[in-house]
Amino acid sequence: MRVRLRGTRAGETDAEQGFARVASRPGPPAAAGGRRAWNLWELDRLAREMDGDDRAEERRLLLLHLRDFADASGQLPAEFDPLVREAFETRLAELA
């Protein structure tokens with residue numbers, strides 16, 4: 001993935017323009033369009049297993065707010081994939 005840095009000009013090479021290579025977050029493969037829909041109840045179970053680390057409270061609050069967007073079966077829209085990947089990182093492979 002390429003990310004353009006601020007303050008760069010058009011017409012320069014990638015390096016001159018400030019493009020940097022950014023590694024993708026690890027995790028299960030995403031659906032078409034690059035995003036995956038996650039199940040809130042599975043994420044909740046995983047969050048309880050991960051409880052006790054530095055980001056446990058962040059995950060609990062995220063899941064609390066995501067409940068407003070989940071359907072009756074717990075499916076979240078794919079647009080929340082980046083947030084989920086950031087909060088759960090490599091542990092998402094367990095849900096694949």
Practice problem: Side-chain contact test, heavy atoms from C-beta onward, threshold under 4.5 Å: evaluate it for L43 versus L95 and give yes or no. | Solution: yes
Exercise. Would you mind reporting whether R55 and E86 have side-chain heavy atoms less than 4.5 Å apart?
Key: yes
Quiz item: Does atom CG of D68 have more than 12 heavy-atom neighbours, drawn from other residues, nucleotides or ligands, at distances under 6.0 Å?
Solution: yes
Distance (rounded to the nearest 0.5 Å) between [X] [atom1] and [Y] [atom2]:
X   : Y   : atom1 : atom2 : value
L62 : H65 : CG    : NE2   : 8.5 Å
W41 : R45 : CH2   : CZ    : 13.5 Å
E58 : D53 : CD    : CG    : 9.5 Å
R59 : M50 : CZ    : CE    : 3.5 Å
D51 : L46 : CG    : CG    : 11.5 Å

Exercise. For E57, enumerate each residue passing the salt bridge (Lys or Arg N to Asp or Glu O under 4.0 Å) test, keeping only those at least two apart in sequence or located in another chain.
Key: none
Practice problem: Taking all heavy atoms of D44 and all of L63, pick out the closest pair and write down the distance. | Solution: CA-CD1, 3.6 Å
Just distance, no hydrogens or angles: give the donor-acceptor pairs under 3.5 Å from side chains in residues 72-80, sequence neighbours left out.
{"unit_1": "S73", "atom_1": "OG", "unit_2": "D71", "atom_2": "OD1", "d": "2.8"}
{"unit_1": "Q75", "atom_1": "OE1", "unit_2": "N39", "atom_2": "ND2", "d": "3.2"}

Exercise. Evaluate side chain to side chain contact (heavy atoms under 4.5 Å, CB included) for L92 paired with W38, printing each intermediate quantity in order.
Key: CA-CA 10 Å; L92 287 175; W38 298 98; 3.8 Å; yes
Quiz prompt | Side-chain ion pair, R85 and E89, N-O less than 4.0 Å | solution = no
